[in-house]
Amino acid sequence: MAPRYSIVIPVYKNEETIPSLFARLRDLSSRWHDLEVVLVVDGSPDRSADVIRAELTDAPFSVQLVEHSRNFGSFEAIRSGLAVVKGDYVGVMAADLQEPTSLVEEFFTILEAGDWDVAVGTRQSRDDPGSSKLLSGTYWSLYRRLIQPEMPKGGIDIFGCTREVAARLVALEESHSSLVGLLLWVGYRRVEVPYARVAREHGKSGWSLRRKIGYFLDSSFSFTNAPITVITLVGILGTLTTIVIALTVFISWALGRIPVEGFTALMLVNLGSTGAILIALGVIGSYVRRGFDNSKRRPHAIVARATEFER
């Protein structure tokens, strides 16, 4: 019998937390009997895969173990898991146990009721050092302001969705993009579920500053045209400024206040060309942006449901 509920868990350097993870999954399966767990080992350099195999000997639920050939990143690991799930309702959680498994249960309950297609966990509090909270808050504030305003304040680390939404995400085969950004982009009926994030029991987060900057840049180029708009606006403002300066230089030359020969012509050429170049870059960037959007081959629209009424 095919499972009704699936949980996708990316695994990377989680050797120490896997026994605790399986303990919670066993408890979860006692209440959700048609449960499937998809564990994706993302090229982890430790013994995560071996520890998982040892835990599988007495697992009371169905398990799929997917192993990447190398480390591709958590989003790609989640995508690999979503591609093979069999359940009607899917939950995605991390293996570090900073999000409670009860949140996945809440996702399943909400999705099964039929009123929502996507449920995302939103952090209301986090048991992290003050500096980490400050940096994280600043990061996600900039992200929401500049890229995706619909992103929850603390980002999205855990979510649930129907199998249809999971299939839509897998079909969007984009490189250097954001799976969470795509989850927001596809739309559907989405609800936010608050929770409190706990501190890590083992290991160190792989969400480094370098990865955050890379994620921010990938999201910027995938979901907003802000960089091109900024270049164009700078070009327009620069052009207006250079016109004023050029007029000032020309009038000064006409009044004989510039004794250096050739200075006026050189300044007029430099000032006039600088703004024009920036505007041209903005125009070219607009065309490149549209070509880039077409190359991603995202659908023009997604039909969530269609109902036909016969007379």
* salt bridge (Lys or Arg N to Asp or Glu O under 4.0 Å) partners for Asp115, two or more places apart -> none
* Asked: Got a sec, which residues hit side chain to side chain donor-acceptor pair (under 3.5 Å) with Asp27, two or more places apart in sequence or on another chain?
  -> Arg31
* To do: Drop me the distance from Glu55's CD to Asp50's CG, to the nearest 0.5 angstrom.
  => 12.0 Å
* **4.5 Å side-chain heavy-atom contact, Glu99 and Tyr195** => yes
* Partner residues of Ser80 under the side chain to side chain donor-acceptor pair (under 3.5 Å) criterion, sequence neighbours left out -> His68
* To do: State which residues pass side chain to side chain contact (heavy atoms under 4.5 Å, CB included) with Glu192; sequence neighbours excluded, sorted by chain then number.
  => Val120, Thr122, Pro152
* Search all heavy atoms of Gly187 against all heavy atoms of Val118 and return the closest pair with its distance. => O-CG2, 4.3 Å
* **Any residue meeting side chain to side chain contact (heavy atoms under 4.5 Å, CB included) with Glu15, in chain and number order, not counting sequence neighbours** => Asp46, Arg47, Ser48, Val51
* To do: Quick one: list whatever passes ring pair (Phe, Tyr, Trp, His ring centres under 6.0 Å) with Trp32, sequence neighbours left out.
  => Tyr5, Phe108
* What are the two closest non-hydrogen atoms of Ile110 and Trp116, and how far apart are they? -> CG2-CD1, 3.5 Å
* Asked: Of all residues at least two apart in sequence or in a different chain, which pass the side chain to side chain contact (heavy atoms under 4.5 Å, CB included) check with Ile251?
  -> Leu255
* Rounded to the nearest 0.5 Å, what separation is found between the CG atom of Leu82 and the OG atom of Ser6? -> 9.5 Å
* Asked: Any donor-acceptor pair under 3.5 Å linking the side chain of Asp42 with the backbone of Gly73?
  -> yes
* **Step-by-step side-chain contact (heavy atoms from CB on, under 4.5 Å) determination, Val37 to Leu39** => CA-CA 6 Å; Val37 177; Leu39 293 150; 3.9 Å; yes
* To do: Would you check, one step at a time, whether the test side-chain contact (heavy atoms from CB on, under 4.5 Å) holds for Phe107 with Ile158?
  => CA-CA 10 Å; Phe107 289 165; Ile158 181 171; 3.7 Å; yes
* Determine, step by step, whether Val63 and Val38 satisfy the side-chain contact (heavy atoms from CB on, under 4.5 Å) criterion, reporting the C-alpha distance in whole Å, the side-chain angles of both residues, the deciding distance to 0.1 Å, and the verdict. => CA-CA 6 Å; Val63 177; Val38 181; over 6 Å; no
* Find out if a path of hydrophobic residues (ILVMFWY) with successive side-chain heavy-atom gaps under 4.5 Å connects Phe72 to Val40. => no
* Structure fact -> So SG of Cys161 and OH of Tyr188: to nearest 0.5 Å the spacing works out to 10.0 Å
* Structure fact -> CG (Leu21) and CZ (Arg24) are apart, to the nearest 0.5 Å, by 8.5 Å
* Would you give the length of the straight line joining atom CG of Asn14 to atom CD1 of Ile9, rounded to the nearest 0.5 angstrom? => 9.5 Å
* Hey, does Leu169 have a side-chain heavy atom less than 4.5 Å from the side chain of Ile78? -> no
* Which heavy atom of Ala59 sits nearest a heavy atom of Phe22, and at what distance? -> CB-CE2, 4.5 Å
* What salt bridge (charged side-chain N to carboxylate O under 4.0 Å, His left out) pairs are there with at least one residue in residues 80-89, not counting sequence neighbours? -> Arg4-Asp88
* Pairs meeting criterion ring pair (Phe, Tyr, Trp, His ring centres under 6.0 Å) with involvement of residues 147-170, two or more places apart -> none
* Is it true that a side-chain atom of Arg168 and a backbone atom of Leu183 form a donor plus acceptor pair closer than 3.5 Å? -> no
* State, to 0.1 Å, how close Ala119 and Val193 come at their nearest heavy-atom pair, and which atoms those are. => CB-CG2, 4.4 Å
* Structure fact -> Smallest heavy-atom separation, Leu111 atom then Gly160 atom, equals CD1-C, 3.8 Å
* To do: Report yes or no: does Asp117 contribute a side-chain atom to a donor-acceptor pair with the main-chain N or O of Thr162 at less than 3.5 Å?
  => no
* **Residues that Arg79 engages under salt bridge (Lys or Arg N to Asp or Glu O under 4.0 Å), provided they are two or more places apart** => Glu76
* To do: Before giving the answer on side-chain contact (heavy atoms from CB on, under 4.5 Å), spell out for Met151 and Ile156 the whole-Å C-alpha distance, their side-chain angles and the decisive distance to 0.1 Å.
  => CA-CA 8 Å; Met151 177 70 72; Ile156 298 175; 4.0 Å; yes
* Between Thr17 and Ala95, is there a donor-acceptor pair closer than 3.5 Å when you use the side chain of the first and the backbone of the second? -> yes
* For Glu36, all residues meeting salt bridge (Lys or Arg N to Asp or Glu O under 4.0 Å), sequence neighbours excluded -> none
* To do: Decide yes or no for Glu112 and Tyr89: does some side-chain heavy atom of the first lie under 4.5 Å from some side-chain heavy atom of the second?
  => yes
* **Residues that Val41 engages under side chain to side chain contact (heavy atoms under 4.5 Å, CB included), provided they are two or more places apart** => Val11, Ser44, Ala49, Ile52, Leu65, Glu67
* Gap between atom CD1 of Ile7 and atom OG1 of Thr101 - 0.5 Å precision -> 8.0 Å
* Closest approach of Ser74 to Pro10 (non-hydrogen atoms, all atoms of both residues) -> O-CB, 4.3 Å
